[in-house]
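Before any comments, here is the structure.
Just so you know, ligand 1 is whichever comes first in the structure, and atom 1 is the first atom listed for that ligand. Predicted model, so just to flag it, every value in this text is computed and none were measured.
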Amino acid sequence: MKNFLIKGGRLVDPAQGIDGKFDIAMADGKVSWIGAGEPPKNDYTVIDATNLTVTPGFIDLHTHLRQPGFEEKETISTGTAAAARGGFTTICSMPNTNPAVDNRATVDYVKCVASREAVVRVLPIGCISKGRRGETLAELGEMAGAGVIGFSDDGSPVPGARLMKQAMEYAAGLNLPIIDHCEEPSLAEGGQINEGIVATRLGLAGIPNAAEETMIARDIALAKLTGARLHLCHISSKGSIDLIRAAKTGGLKLTAEVTPHHLTLTEERCLGYDTNAKVNPPLRTYADIEALIGALLDGTIDAIATDHAPHTENDKCCEFALAPFGISGLETAFGSLMKLVHSGKMPLPLIVEKLTAGPARVLGNGFETAGSLKVGNPADLVISDPAAEWIVETAKFASKGKNSPLAGEKLKGKVIVTIYNGNIVHEEDIR
Ligand code: DOR
């Protein structure tokens, strides 16, 4: 393992309130020094970060790695390589695999493969219900013992309030969050894209905002009742923001995430029947985007998470209504989010906060060290170039999922180097 000295960059570490020109040294896989003068004596490999930004490695609370069972879409190896290319050094893997991660043995399997093949940290999430069928509780206590960081049936909601209440009671006792895919199934059933003018023009069935909002309202009520930690996934509508903002003033242990695609793309992306823009929850409207940005600015939303949902070309190359939901998002997240910075809608340090300290706080339970470059913390770090322009070429993705609505688009902002635990796991050839 090399010791690195990164010189001349803009160091942004929101957890420590740092935003300025500082050098940073790493030794033995840990951050060893931050300063402006001479670092402690050591044998360093020097990286020149002039005009570049240096931040903690990003944390993704919401990644679909597809292994076991859907290895044609993604594996732990290819998914973590995609994470490294996107600047993510910690990712939380969703349990909608086959078999689903609903017991200790499957959690152990994911951890075992990750320990051999992953190039970044993988934190498994366990199911709420057995087989994600929404009928009976999964082995929550056993999975907690095996090291899951929370529980989710993501991809599907938990339709029954009684089962969700039970899950929250157990999760509260285990001090782990319920990671909630908020969708009222009877309202969303058959829907393809946002319910509205675009759906009408395309002749596609819509998914109303209320499908998300009614479930959020229910689960906030259940969190109040049980005292559970509730984390709301991929928030997409203004009405959801209003509900979360109101609930947060009541002192609930409530957190929420938003995706880069819901922050930057609208339902119009579906006008050409591009199945790569088909995602659940659906892309919505400019008014929703404005509300989501406002919610990041005022702290109503805690984290930006990719909902990286890789699918094969065959999966997506079909009639719109038959295509699965999902966007391959790890490798375009930073470049997409930089649109908000370049257009003056959000400051760079806040974007970094929502990719580092924010998700670290959602995880809690000691994972806070993954979200900051404090001396002594693991050397998980990203060097990015906010001004680098590049074209999204999905053929070059490390992810098996080439399903990006951004294919062929120019983005400004690129991850240049990713360091995980003191080792370079991604390096762009730019100089
Ligand atoms: O678009 C989505 N794809 N939303 C989800 O909730 C699940 C995900 C998947 O697993 O493909």
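- In M94, neither the side chain nor the backbone holds a heavy atom less than 4.0 Å from any atom of ligand 1.
- At a heavy-atom cutoff of 4.0 Å, ligand 1 is contacted by the side chain of R66 but not by its backbone.
- A 4.5 Å side-chain heavy-atom check between L263 and L337 finds at least one atom pair inside the cut-off.
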Practice problem: Step by step, work out the salt bridge (charged side-chain N to carboxylate O under 4.0 Å, His left out) result for D380 and R121. | Solution: CA-CA 10 Å; D380 298 350; R121 186 177 295 111; 2.8 Å; yes

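- Among R66, H308, Q67, H64, the single residue meeting the side chain to side chain donor-acceptor pair (under 3.5 Å) criterion with E74 is H308.
- In this structure, K278 forms a cation-pi arrangement with F325, its terminal cationic atom sitting closer than 6.0 Å to the ring centre and no more than 45° off the ring axis.
- Within a 6.0 Å sphere centred on CD of E189, heavy atoms belonging to other residues, nucleotides or ligands number 12 at most.
- Using a 4.0 Å heavy-atom cutoff, H234 is listed among the residues neighbouring ligand 1.
- Counting heavy-atom neighbours within 6.0 Å of N98 CG, excluding the residue itself, gives a total above 12.
- An N or O contact shorter than 3.5 Å links F325 to ligand 1 by distance.
- Using 4.0 Å as the threshold, E183 has no heavy atom nearer than that to any atom of ligand 1.
- Atoms of ligand 1 lying under 4.0 Å from any heavy atom of V279, numbered from 1 in the order shown and given with element: 1 (O).
- Within ligand 1, counting atoms from 1 as listed, the ones closer than 4.0 Å to a heavy atom of A309 are 3 (N), 8 (C), 9 (C), 11 (O).
- Residue G326 has at least one nitrogen or oxygen atom sitting less than 3.5 Å from a nitrogen or oxygen atom of ligand 1, judged on distance alone.
- Atoms of ligand 1 lying under 4.0 Å from any heavy atom of D307, numbered from 1 in the order shown and given with element: 4 (N).
- For ligand 1 and H181, the ligand atoms under 4.0 Å from any heavy atom of the residue are 6 (O).
- Surrounding NZ of K238 are at most 12 heavy atoms belonging to other residues, nucleotides or ligands under 6.0 Å away.
- When hydrogens are left out, the protein atom nearest atom 1 (O) of ligand 1 is N280 N, 3.0 Å; that is the closest non-hydrogen contact.
- Under 4.0 angstrom from ligand 1, there are no non-hydrogen atoms of I327.
- Counting heavy atoms from C-beta outward, I351 and V341 have side chains that approach closer than 4.5 Å.
- Nearest protein heavy-atom contact of atom 7 (C) of ligand 1 is G155 CA, 3.7 Å.
- Note: K73 NZ to E313 CD = 13.0 Å, rounded to the nearest 0.5 Å.
- Set against the non-hydrogen atoms of H311, the atoms of ligand 1 under 4.0 Å away are 11 (O).
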